[in-house]
S.K.: 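Got a structure for you, written out below as structure tokens; questions coming shortly.
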Amino acid sequence: MLEKLHADVVAVLSAWQPPTATATAARERTLRLLDAGPVALTRDHQPGHVTASTLVVDADGARVLLCLHGKFHRWVQLGGHCEPGDPTLADAALREATEESGITGLQLHPVPIDLDIHPVGCGGGSLHYDVRFAAVAPAGAIERVSAESAALGWFAPDALPEPLADATAQLVAPALAAVTRRSLRPAP
């Protein structure tokens, strides 16, 4: 099953038009990582692995949902590892966002908004090649803290919490822009 997901990740990133020079460089590094094959989607790949995350925006487009991560105690967008049952990268991002927020009915913008490569403790030290998406929550959505989070919270773009993970703030403007276009993909 990882072969299909691997092919999708390669296709998505090959077609993606990164918004910045930094994201362009990250895309090129990620495509080189993916030359290793489907193993580059797993925690077992010591040089690093592709992950999928989502910045959730409320139905009014006024606030973003962040998670206080239980392991590294910083506020971040929702996301995590790809799983063998994920048919596409967008499905992985939507699954992670739904699991970690407890919100059903999220609608995902199918085009990535960013890609960030950062060190993590997986397998004693590795890299996450994190492909980032945006989603909008349905009106009246109520979040539920998952086992991976210490807290969840809705924040205005000009009042983000501290401590914030390094590359999380840069997602707010592109996420808001993506969800206002409303070319969204509903949860399965």
Side-chain angles (χ1 to χ4, degrees), residues 9 13 16 18-27 29-30 33 40-43 45-58 61-83 86 89-90 92-103 106 108-109 111-137 141 143-179:
V9 174
L13 293 180
W16 182 52
T20 66
T22 301
T24 299
R27 180 188 68 176
R29 280 182 63 191
T30 305
L33 176 86
L41 304 176
T42 70
R43 293 176 180 98
H45 194 247
Q46 190 58 38
H49 47 280
V50 172
T51 57
S53 66
T54 304
L55 186 60
V56 176
V57 177
D58 70 3
R63 300 176 301 158
V64 296
L65 181 65
L66 296 176
C67 149
L68 182 58
H69 198 279
K71 289 184 182 175
F72 56 90
H73 310 291
R74 294 193 179 279
W75 290 94
V76 296
Q77 72 281 359
L78 306 168
H81 293 96
C82 297
E83 301 291 341
D86 294 327
L89 185 60
L94 189 57
R95 175 187 52 75
E96 283 286 338
T98 301
E99 288 174 0
E100 291 185 4
S101 70
I103 298 172
L106 295 173
L108 188 80
H109 180 68
V111 177
I113 60 170
D114 191 35
L115 196 161
D116 184 69
I117 302 169
H118 53 271
V120 293
C122 293
S126 185
L127 295 171
H128 275 182
Y129 291 70
D130 191 34
V131 183
R132 296 157 170 213
F133 293 85
V136 66
E143 70 281 0
R144 286 188 323 269
V145 175
S146 75
E148 295 178 33
S149 306
L152 289 170
W154 291 100
F155 300 95
D158 60 353
L160 298 176
E162 293 292 334
L164 191 64
D166 292 340
T168 298
Q170 73 191 32
L171 298 177
V172 174
L176 292 172
V179 301

S.K.: Taking T54 for its side chain and A93 for its backbone only, find out whether a donor-acceptor pair lies under 3.5 Å.
M.R.: yes

S.K.: List in chain and number order the residues that pass ring-ring contact (aromatic ring centres under 6.0 Å, His included) with H128, two or more places apart in sequence or in another chain; answer none if no residue qualifies.
M.R.: H49, H81, H118

S.K.: Ignoring hydrogens, what is the shortest heavy-atom contact between L33 and A40? Give both atom names and the distance.
M.R.: O-CB, 3.6 Å

S.K.: For S126 and P47, which heavy atoms make the closest approach, and how far apart are they?
M.R.: OG-C, 4.0 Å

S.K.: Does R27 have any side-chain hydrogen bond (donor to acceptor under 3.5 Å, both in side chains) partners at least two apart in sequence or in another chain, and if so, which?
M.R.: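 Expected list: none.
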
S.K.: Which atom pair, heavy atoms only, marks the closest approach of C82 to V50?
M.R.: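 C82 and V50 have their closest heavy atoms at SG-O, 3.7 Å.
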
S.K.: Could you report the tightest heavy-atom contact between T98 and I103, atom names first, then the distance?
M.R.: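 In this case the closest contact between T98 and I103 is CG2-O, 3.5 Å.
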
S.K.: For T42, give me all partners under side chain to side chain contact (heavy atoms under 4.5 Å, CB included), at least two apart in sequence or on another chain.
M.R.: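 For T42, the residues satisfying side chain to side chain contact (heavy atoms under 4.5 Å, CB included) (neighbours in sequence not counted) are L2, V39, D44, H45.
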
S.K.: So does P112 get a backbone contact from the side chain of W16, meaning a donor-acceptor N/O pair under 3.5 Å?
M.R.: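 Yes, because the side chain of W16 sits within donor-acceptor range (under 3.5 Å) of the backbone of P112.
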
S.K.: Is any side-chain heavy atom of L160 closer than 4.5 Å to one of V64?
M.R.: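 They are in side-chain contact.
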
S.K.: I'd like to check the side chain to side chain contact (heavy atoms under 4.5 Å, CB included) partners of A25; sequence neighbours left out, ordered by chain and number.
M.R.: none

S.K.: I'd like to check R132 versus D116 (side-chain heavy atoms, cut-off strictly below 4.5 Å). Are they in contact?
M.R.: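 Yes, at least one pair of side-chain atoms sits under 4.5 Å.
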
S.K.: Could you go step by step and tell me if R29 and L127 meet the side chain to side chain contact (heavy atoms under 4.5 Å, CB included) rule?
M.R.: CA-CA 12 Å; R29 280 182 63 191; L127 295 171; 3.7 Å; yes

S.K.: Run the ring-ring contact (aromatic ring centres under 6.0 Å, His included) test against W75 and tell me which residues pass, sequence neighbours left out.
M.R.: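 Once residues adjacent in sequence are excluded, the partners of W75 under the ring-ring contact (aromatic ring centres under 6.0 Å, His included) criterion are F155.
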
S.K.: Return the CZ to CG distance between F133 and L94, rounded to the nearest 0.5 Å.
M.R.: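 Output value for this atom pair is 10.0 Å.
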
S.K.: According to side-chain hydrogen bond (donor to acceptor under 3.5 Å, both in side chains), who are the partners of E83, at least two apart in sequence or on a separate chain?
M.R.: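 By the side-chain hydrogen bond (donor to acceptor under 3.5 Å, both in side chains) rule, E83 matches no residue at all.
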
S.K.: Can you list the residues that meet the side chain to side chain contact (heavy atoms under 4.5 Å, CB included) rule with E100, with sequence neighbours excluded?
M.R.: L78, E96, S146, E148

S.K.: Taking atom CG of L55 and atom CG of L66, what is their separation to the nearest 0.5 Å?
M.R.: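 Here the rounded value is 6.0 Å.
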
S.K.: Can you tell me how far apart CG (D130) and CG (L115) are? Round to the nearest 0.5 Å.
M.R.: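 Atom-to-atom, D130:CG and L115:CG are 7.5 Å apart.
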
S.K.: If you take all heavy atoms of A92 and D86, which pair is closest and at what distance?
M.R.: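 Smallest heavy-atom distance, with atoms named: CB-OD2, 3.3 Å.
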
S.K.: Mind checking the CG-CZ spacing from L106 to R95? Nearest 0.5 Å is all I need.
M.R.: 13.0 Å

S.K.: Between P19 and I113, is any pair of side-chain heavy atoms under 4.5 Å apart?
M.R.: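 The answer is no, as the side chains (C-beta and beyond) never meet within the 4.5 Å cut-off.
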
S.K.: Under 3.5 Å, which donor-acceptor pairs do the side chains of residues 163-178 form with other protein atoms, sequence neighbours left out?
M.R.:
unit_1: T168; atom_1: OG1; unit_2: Q77; atom_2: OE1; d: 3.1
unit_1: Q170; atom_1: NE2; unit_2: D114; atom_2: OD2; d: 2.6

S.K.: Testing the basics here: between W154 and D58, what is the closest heavy-atom pair and its distance to 0.1 Å?
M.R.: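 For W154 and D58, the tightest heavy-atom pair comes out as CZ3-N, 3.4 Å.
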
